[in-house]
Amino acid sequence: MHPILNRIRLTGIIPVVKLEDAGDAVPLARALVSGGLPAAEITFRTFVASEAIRRITFELPEMLIGAGTVLTCEQVTQAVNAGAQFIVSPGTNPRVVRRCQELGVPVLPGVVTPTEIEAALELGLDVLKFFPAEPSGGLPMIESLAAPYPGVRFMPTGGINASNAGTYLASPKVLACGGSWMVKDTLIRAGRFDQIEQLSRKAADIVIGLSRRE
């Protein structure tokens with residue numbers, strides 16, 4: 001397994017962040033680190049994504065930072081130049097995947113059907129985003145899909161929260177979970193980084209609790 005994918009596995013829960021103001025990037029990152037979640041997927045849903053990634057990777061190089069909602073090859077280049085260590089896409093775009101491979105950065109494209117899984121396998125990938133997770137059947141759907149593809153593992157995102165993350169993570173088919181409940185837009189805009197730290201600590205405790213049972 002690629003070292004970055006292994007770091008994602010060990011982190012367990014990857015906060016999925018949408019930032020409207022790049023000035024919030026470092027305070028948010030510090031809150032996540034203090035809360036025990038030294039990772040984030042910064043989504044390209046806003047124009048400040050690459051600048052936010054750049055600021056975090058400069059100020060907190062120990063953090064695992066990825067770029068999410070990456071739809072084009074140009075965004076892949078922007079994200080990697082800013083310091084992104086992995087790329088996440090909502091779907092499986094072969095051009096985006098190949099660009100990531102050219103740059104040597106791990107990519108987790110989104111899938112929700114066997115056809116999409118096979119398309120990703122054809123591209124040499126076996127760790128995939130399952131999105132949107134809860135609306136698409138959740139963990140039962142993941143385990144059903146995984147049955148014909150024993151080498152594939154998933155990072156479900158979409159509807160993951162504090163109440164169901166542990167159930168997902170307990171499955172051997174799940175590498176990690178992506179979630180935004182600890183980094184809600186309203187908390188970021190209000191500057192409630194103390195609350196983000198508290199929610200992050202509770203999320204990290206879910207992962208710690210599972211590791212203790214192993």
Side-chain angles (χ1 to χ4, degrees), residues 2-70 79-80 82-88 105-106 108 129 133 155-170 174-214:
H2 191 285
I4 295 297
L5 294 177
N6 194 48
R7 284 184 66 186
I8 291 173
R9 179 186 67 83
L10 292 172
T11 304
I13 294 174
I14 305 297
V16 180
V17 180
K18 184 179 78 171
L19 288 168
E20 304 285 349
D21 184 347
D24 291 328
V26 172
L28 171 71
R30 293 192 189 284
L32 292 173
V33 171
S34 296
L37 288 181
E41 174 190 323
I42 308 298
T43 66
F44 267 68
R45 295 186 182 187
T46 67
F47 292 110
V48 306
S50 59
E51 178 60 22
I53 292 170
R54 185 174 291 106
R55 293 189 186 192
I56 294 171
T57 54
F58 180 78
E59 294 288 341
L60 291 94
E62 71 274 20
M63 278 197 76
L64 176 62
I65 298 295
T69 321
V70 174
V80 173
Q85 297 162 281
F86 64 95
I87 302 294
V88 184
V105 61
L108 293 86
K129 174 178 179 174
M155 184 171 79
T157 307
I160 309 298
N161 54 50
S163 64
N164 62 18
T167 302
Y168 275 95
L169 290 171
V174 172
L175 182 82
C177 290
S180 58
W181 76 90
M182 76 297 288
V183 288
K184 291 179 181 177
D185 298 352
T186 52
L187 293 176
I188 296 172
R189 286 197 298 268
R192 294 300 309 274
F193 301 113
D194 56 339
Q195 191 170 346
I196 288 171
E197 179 181 339
Q198 293 169 12
L199 291 169
S200 299
R201 187 169 292 110
K202 291 179 181 178
D205 285 344
I206 295 171
V207 180
I208 292 169
L210 287 168
S211 64
R212 284 174 178 165
R213 291 192 340 223
E214 291 178 354

Next item on the list: Ignoring hydrogens and angles, tell me if any N or O in the side chain of Thr57 forms a donor-acceptor pair with the backbone of Ala82 under 3.5 Å.
Entry: yes
Check: Okay, side chain of Asn164, backbone of Gly159: is any donor-acceptor separation there less than 3.5 Å?
Finding: yes
Which distance, rounded to the nearest 0.5 Å, do you find between the [atom1] of [X] and the [atom2] of [Y]?
{"X": "Arg192", "Y": "Gln198", "atom1": "CZ", "atom2": "CD", "answer": "7.5 Å"}
{"X": "Asp205", "Y": "Leu37", "atom1": "CG", "atom2": "CG", "answer": "9.5 Å"}
{"X": "Phe86", "Y": "Arg7", "atom1": "CZ", "atom2": "CZ", "answer": "9.5 Å"}
{"X": "Asp24", "Y": "Lys18", "atom1": "CG", "atom2": "NZ", "answer": "13.0 Å"}
{"X": "Arg55", "Y": "Ile65", "atom1": "CZ", "atom2": "CD1", "answer": "14.0 Å"}
{"X": "Ile42", "Y": "Ile56", "atom1": "CD1", "atom2": "CD1", "answer": "4.0 Å"}

Side chains of [X] and [Y]: does their closest heavy-atom pair fall under 4.5 Å?
{"X": "Glu59", "Y": "Arg30", "result": "yes"}
{"X": "Ile87", "Y": "Phe44", "result": "no"}
{"X": "Val88", "Y": "Met155", "result": "yes"}
{"X": "Leu199", "Y": "Leu187", "result": "yes"}
{"X": "Ile188", "Y": "Ile196", "result": "yes"}
{"X": "Glu197", "Y": "Asp194", "result": "no"}
{"X": "Trp181", "Y": "Ile160", "result": "yes"}
{"X": "Leu60", "Y": "Val26", "result": "yes"}

Which pair of non-hydrogen atoms, one from [X] and one from [Y], has the smallest distance, and what is that distance?
{"X": "Gly68", "Y": "Glu41", "answer": "CA-OE2, 3.3 Å"}
{"X": "Ala29", "Y": "Met63", "answer": "CB-SD, 3.4 Å"}
{"X": "Leu32", "Y": "Pro15", "answer": "CD2-CG, 3.9 Å"}
{"X": "Val17", "Y": "Leu19", "answer": "CG1-CG, 3.7 Å"}
{"X": "Gly35", "Y": "Ala204", "answer": "O-CB, 3.6 Å"}
{"X": "Ala84", "Y": "Val105", "answer": "O-CG2, 4.2 Å"}

Next item on the list: List the steps and the verdict of side-chain contact (heavy atoms from CB on, under 4.5 Å) for Leu64 and Ile4.
Entry: CA-CA 8 Å; Leu64 176 62; Ile4 295 297; 4.0 Å; yes
Margin query: What verdict does the side-chain contact (heavy atoms from CB on, under 4.5 Å) test give for Tyr168 and Ile13, after you've listed the backbone C-alpha separation in whole Å, the side-chain angles of each residue and the deciding distance to 0.1 Å?
Written below: CA-CA 10 Å; Tyr168 275 95; Ile13 294 174; over 6 Å; no
